[in-house]
Structures are given as structure tokens and as C-alpha cells.
Protein chains: 2
Amino acid sequence: MKLSTKARYASRALVDLALQYGKDPVKLKDISARQDISLKYLEQVMYPLRVCGYVKTQKGSKGGYILARSPKEVTLLEIVECVEGSISPVECADNPKLCKRADCCSTHLAWVGLKDAIVRELGKITLADLAGKHLLLNK
Amino acid sequence: MKLSTKARYASRALVDLALQYGKDPVKLKDISARQDISLKYLEQVMYPLRVCGYVKTQKGSKGGYILARSPKEVTLLEIVECVEGSISPVECADNPKLCKRADCCSTHLAWVGLKDAIVRELGKITLADLAGKHLLLNK
DNA sequence: TATATATCCTATAACTTTAGTAGAAAAAGC
DNA sequence: GCTTTTTCTACTAAAGTTATAGGATATATA
């Protein structure tokens, strides 16, 4: 039940971008330095976030990344699911047809409940929340 | 954020045992057949559950496994943690010292919240709940 | 006491995922 | 044209997952 480093790095990178929201594009090199994440790896982490529309990019000199949506509108749930795929702890919670026992299996119900709890928790945390907390912790 | 098959198999095996609670020892061979889990793999899954004291065993002919505690007292959280280790989605939620950023990192707080949500959800589901649901679903 | 049965324990192997490196192409600003 | 930065693909090493296999040990019963 571990979160991948990709999901953790993506979350930290987007909080970093949220703190610069409305300003000039942010170079990955800078995020890489601030967050202690390899630039080359960070590039790969950002890729799906751009495809999903969470960030926009500008190439070349003076280029970089900017948040494509308001920090208030982006939740951790979206970020994690964009990078990792479904947050569901078991395949059958997303698609009961994958398991022939799903309709008579009491643990199936429990895993669905677990998934719902995770979705509720991550779905209520926005980048704006995290950016605000960051400012509190680092003032 | 996937649950391992070991955790899922362990849960199903213990629900199976809960349904026979108070009766004779149950052979792994029977659980294996009912649950469609390889006998040899199931042996490995059960091993930590015995070490943690969730099941007792009797060797030899007429032997098998029995639940060592009342189904009402055993939660999914305990089962998953026994088999997988900590349920925490990130190492730093269990031990902040593992990450030097922990005390100034807003995502750290979010992951701790996520862990708490998971612990709350799995901690409230007992084997008795699951056995009861099983009987409802299969009557 | 011999036999059948079941658990116990360790080793190993195939497969998948994770985490990261590398390099070159493409675009943009100066 | 040069520098900077993103873009895209390929590759690799290490770790984790999901099993299978075989023999040792213990127990009930004939």
C-alpha cells in the first residue's frame, strides 16, 4: 500500500508551482534544486501531468512550467491518479467483472469501502491547502 | 497504492476460518480449494498470521488451522499490517526522522492524514463483520 | 510402530514494477 | 547562430511480488 515516489514527487512539484501561481513560468531545474529531485526524473514525472492538463509548459529560454488550473481546483486525488493510475487498492473495486467472486465476496465490499475512504481523504486536499500550509510551516 | 495478493488472500482465509470459528481445525487444503488459492502459497501467507498470534495450528492428521481470537476482536487493519508490514502510504508517516524535510513539508501532513483515514477505515472492519456479510451474500 | 496426513521452513525462480540515467530532437528567446 | 529549456524514447539496475518445490517435523489412528 505504498505511494510511488512519482506520486510524491508530482505532489511536491505541483505545490512548488502553486506557490508561484500567476507568476512567470518555473524552470524544472529550479524545482529540481528546491525539492532535491533529479532533473531527468522530474521531467518524466511532469509528463503525465501535462498530458492530463494540470500544467502548461513553455519551451526554450525563459520557458518552464506553470499550473494550468487554480490551486483551489486541483486535489491530491487527481494528481496521484494522473501519475499512478487509479488509487484503488484492488482492481476489483474499479471493475468487479475482473473477479468472478466479486458479488459473493465480503472482503470485496471492504476494499470498496477502503477505496472510498482514500478517495474522500485525498479528494478534499487541494494544492491551495498545501501551499497555505507550506507558508505556515516555513515562515 | 495496491494491496498485495498476500494481504487479500490472508483476509479471505481468515474470513473462511471465522465462518468455522469454534469448530474443528480447518485444513489449509480445504481453504485452498474453497478460495482458489494455491496451497503452497497459502502456507506462506498463513505463516506470519501464526507468528502474530491470529491463528493457532495443529499438525498432523486431523490437524489444521483455527482462529486464535474471537472474530469480533480481529480487524482488517491488523491482518494487513501483519502480512504487509505498516499500512502507511509513505515511510515518513511512521517515522518523520526518515525524511529531513518532514517538519517543513506540507505534503507530509497530507500523507499522515491519508494514513489515518486508512487506519480508521480498516480498523473498524472486523472478521465478524465480514463473516456476517458473507452469510448474507451467499444465503 | 508404521502409515497417512498436515503443517513448517527454506530455497529459488520467473515476472513485474520502480527509480533512475542517458542522449538527442525540437522549440523559443536573445 | 547560440543558449536554454522542454520533449521524447530507450535503457538499466535493483527491488519487490507471486508464486513453485522439496524435505523436515509433528500428530492421529490403525
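Naming convention: chains lettered A, B, ... in sequence-line order (proteins, then strands); numbering from 1 in each chain.
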Engineer: Quick check for you: to the nearest 0.5 Å, what is the distance between B:Cys105 atom SG and A:Arg12 atom CZ?
Structural biologist: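 The SG atom of B:Cys105 sits 6.0 Å away from the CZ atom of A:Arg12.
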Engineer: Which one, D:dA19, C:dA28, D:dT20, comes nearest to the side chain of B:Lys40?
Structural biologist: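 Selected nucleotide: D:dT20.
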Engineer: Is the phosphate of C:dT5 approached by B:Gln58 (side-chain N or O, under 4.0 Å from OP1 or OP2)?
Structural biologist: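 Answer no for this pair, as no side-chain N or O of B:Gln58 is under 4.0 Å from OP1 or OP2.
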Engineer: Quick one: do B:Leu114 and A:Leu77 end up in the same hydrophobic cluster if we chain Ile, Leu, Val, Met, Phe, Trp and Tyr together by side-chain heavy atoms under 4.5 Å apart?
Structural biologist: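 Looking at the clustering, A:Leu77 is in the same group as B:Leu114.
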Engineer: Nearest of C:dA28, D:dT18, C:dC8 to any side-chain atom of B:Tyr65?
Structural biologist: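 Closest of the options to the side chain of B:Tyr65: C:dC8.
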Engineer: For A:Gly60 and for A:Tyr47, find the nucleotide of DNA chain D with the closest heavy atom, then tell me which residue's nucleotide is more 5'.
Structural biologist: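 Nearer the 5' end of the strand: A:Gly60.
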Engineer: Check this for me: does the side-chain of B:Lys6 come within 3.5 Å of the base of D:dG16 through a donor and an acceptor?
Structural biologist: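 No, the side chain and the base share no sub-3.5 Å donor-acceptor pair.
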Engineer: Closest nucleotide of DNA chain C for A:Gln44 versus for A:Lys62: which of these residues is on the 5' side?
Structural biologist: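 Between the two, 5'-proximity favours A:Gln44.
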Engineer: To the nearest 0.5 Å, what is the distance between NZ on B:Lys72 and OH on B:Tyr21?
Structural biologist: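 The OH atom of B:Tyr21 is 10.0 Å from NZ of B:Lys72, to the nearest 0.5 Å.
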Engineer: If only atom types and distance count, is the side chain of A:Thr126 paired as donor or acceptor with the main-chain N or O of A:Val74 below 3.5 Å?
Structural biologist: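 No: the side chain of A:Thr126 does not pair with the backbone of A:Val74.
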Engineer: The side chain of A:Ser61 lies closest to which of these nucleotides: D:dT6, D:dT4, C:dT21?
Structural biologist: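 Of the options given, the side chain of A:Ser61 lies nearest D:dT4.
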Engineer: Between C:dA6, C:dC8, C:dA19, which nucleotide gets closest to the side-chain atoms of A:Tyr41?
Structural biologist: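 For A:Tyr41, the side-chain atoms sit closest to C:dA19.
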Engineer: Considering only side-chain heavy atoms of B:Tyr9, which listed nucleotide, D:dA19, D:dT7, C:dC9, is closest?
Structural biologist: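 In terms of side-chain proximity for B:Tyr9, the closest of D:dA19, D:dT7, C:dC9 is D:dA19.
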Engineer: Of A:Lys59 and B:Leu39, whose closest DNA chain C nucleotide lies nearer the 5' terminus?
Structural biologist: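 The answer here is B:Leu39.
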Engineer: Does A:Arg50 make a side-chain N or O approach to OP1 or OP2 of D:dC8 shorter than 4.0 Å?
Structural biologist: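 Answer is yes, contact under 4.0 Å.
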Engineer: Is there a side-chain polar atom (N or O) of B:Ser38 under 4.0 Å from OP1 or OP2 of D:dT18?
Structural biologist: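 No, no such contact exists.
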Engineer: At under 4.0 Å, does any side-chain N or O of A:Thr5 touch on OP1 or OP2 of C:dA19?
Structural biologist: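 Indeed, a polar side-chain atom of A:Thr5 lies that close.
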Engineer: Report yes if at least one side-chain N or O of B:Arg8 is closer than 4.0 Å to OP1 or OP2 of D:dT17; otherwise report no.
Structural biologist: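 Checking D:dT17 against B:Arg8, no side-chain N or O comes under 4.0 Å of OP1 or OP2.
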